[in-house]
Amino acid sequence: MELSKISGDIEKVVVTEEQIQKRLKELAAQVEKDYEGRDLLLIGVLKGAVMAMADFSRHLQRHIDMDWMAVSSYGAGTQSSGVVRILKDLDKDILNREVLIIEDILDTGLTLSWLTENLTSRGAKSVNILTVLRKPDAAKVSVNPKYVGFDIPSEFVVGYGLDFNEKYRNLPFIGVLAKHLYS
Ligand code: 5GP
């Protein structure tokens, strides 16, 4: 959906469609180098990482496996609840696999630190993280993503997979949601 259709809902665009695609292509080239001759299993975190997985995986010039998990740490609002629940688990065993988690955003880091531990405990050979966005708060927790698309300010953003009450996921860019919509 184009910005013009919902311009009143978006305070400002933080990352444009072009910037996202350029950066994902760069990261794909980096991942190809780092994983050369190695196994690579991409695990997408539903639903937010759907766009990133679709675009990033298509930039990769090599074979990959793909799996998905759905976890929940947020309710219907904009504040982290601190509770992580598995809503959908992986389809396959990841024993000895080289896992790259594909995530939309690293905010408090609660979700990704929990997920990294969870996947490591299943016997993965390696677990790394690619996140499209990272907020400054993430620095406070022990999550160290190997690949980061963009560092952004601590504001609630939507688009490119990120929702507010399930809306705005289908924006091709990332923007700050107008405050009047949730305050
Ligand atoms: P964390 O556990 O790092 O605080 O956040 C993990 C999840 O919270 C993300 O996967 C995402 O679903 C949600 N989240 C965090 N910040 C934002 C934001 O700015 N916008 C949206 N739409 N979701 C967010």
Side-chain angles (χ1 to χ4, degrees), residues 1 3 6-17 19-20 23-24 27 42-57 66-90 99-121 127-183:
M1 182 163 52
L3 178 60
I6 43 136
S7 54
D9 294 5
I10 301 296
E11 210 170 273
K12 63 172 184 279
V13 173
V14 181
V15 192
T16 66
E17 183 175 359
Q19 287 171 321
I20 295 170
R23 186 73 186 121
L24 288 182
L27 291 177
L42 305 181
I43 296 183
V45 185
L46 293 168
K47 304 171 195 167
V50 163
M51 307 294 171
M53 177 70 100
D55 289 338
F56 171 73
S57 64
M66 203 185 276
D67 207 341
W68 298 91
M69 263 182 97
V71 297
S72 153
S73 67
Y74 269 30
T78 62
Q79 293 297 306
S80 180
S81 67
V83 179
V84 178
R85 280 188 305 144
I86 296 182
L87 304 177
K88 183 227 169 282
D89 208 347
L90 298 172
V99 169
L100 181 60
I101 301 171
I102 309 295
E103 178 60 304
D104 48 6
I105 192 165
L106 178 54
D107 184 5
T108 65
L110 283 169
T111 309
L112 280 174
S113 64
W114 180 89
L115 198 57
T116 303
E117 228 172 84
N118 182 282
L119 298 180
T120 304
S121 75
V127 179
N128 284 308
I129 297 168
L130 180 153
T131 182
V132 178
L133 303 171
R134 176 171 62 183
K135 288 187 185 174
D137 276 355
K140 293 177 196 154
V141 293
S142 60
V143 179
N144 195 10
K146 188 159 182 170
Y147 310 99
V148 178
F150 305 91
D151 281 307
I152 60 162
S154 269
E155 286 176 294
F156 190 78
V157 290
V158 293
Y160 200 68
L162 288 160
D163 75 310
F164 176 63
N165 287 347
E166 296 300 326
K167 285 198 287 187
Y168 307 104
R169 291 192 198 276
N170 59 329
L171 305 179
F173 58 89
I174 293 156
V176 174
L177 190 65
K179 307 258 178 325
H180 71 87
L181 290 170
Y182 62 88
S183 56

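This one's a predicted model, so the numbers in the text were calculated from it and none came from an experiment. Reckoned from all heavy atoms, side chains included, excluding hydrogens, waters and symmetry mates. We count ligands from 1, going down the list as the structure has it; atoms in each ligand are counted the same way.
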Test side-chain contact (heavy atoms from CB on, under 4.5 Å) applied to Lys135 and Leu133, step by step:
CA-CA 7 Å; Lys135 288 187 185 174; Leu133 303 171; over 6 Å; no
Where do Asp163 and Lys47 land on the side-chain contact (heavy atoms from CB on, under 4.5 Å) test, with the steps shown first?
CA-CA 9 Å; Asp163 75 310; Lys47 304 171 195 167; over 6 Å; no
Step by step, work out the side-chain contact (heavy atoms from CB on, under 4.5 Å) result for Val45 and Asp104.
CA-CA 8 Å; Val45 185; Asp104 48 6; over 6 Å; no
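The aromatic rings of Phe164 and Tyr182 sit tilted relative to each other, their planes meeting at an angle between 30° and 60°.
Look at Leu112 and you'll find every heavy atom at least 4.0 Å from all atoms of ligand 1. For Phe156, the closest heavy-atom approach to ligand 1 falls below 4.0 Å.
Residues passing the side chain to side chain contact (heavy atoms under 4.5 Å, CB included) test with Leu3 are Ile10, Val13, Phe173, sequence neighbours excluded. Residues that satisfy the salt bridge (Lys or Arg N to Asp or Glu O under 4.0 Å) test with Lys146, not counting sequence neighbours, are absent from this structure.
Interface atoms of ligand 1 facing Leu110, defined by a heavy-atom separation under 4.0 Å, are 2 (O), 3 (O). Ligand 1 places these atoms under 4.0 Å from at least one heavy atom of Asp163: 21 (C), 22 (N). Residue-ligand proximity, Glu103 to ligand 1, at heavy-atom distances under 4.0 Å covers atoms 10 (O). Residue Thr111 approaches ligand 1 through these ligand atoms, each under 4.0 Å from one of its heavy atoms: 1 (P), 2 (O), 5 (O), 6 (C).
Any N or O atom pair closer than 3.5 Å counts here, and Gly109 shares at least one such pair with ligand 1. Annotation: Val157 places an N or O atom under 3.5 Å from an N or O atom of ligand 1; distance criterion only.
In this structure, the separation between CG on Leu42 and CG on Asp67 is 10.0 Å, given to the nearest 0.5 Å. In this structure, Ile129 CD1 and Arg134 CZ are separated by 10.5 Å, a value rounded to the nearest 0.5 Å.
Under 4.0 Å from ligand 1, not a single heavy atom of Val84 appears. Only the backbone of Glu155 comes within 4.0 Å of ligand 1, judged by heavy-atom distances.
Considering each of Thr131, Asp107, Val45, the one bringing a non-hydrogen atom nearest atom 5 (O) of ligand 1 is Asp107.
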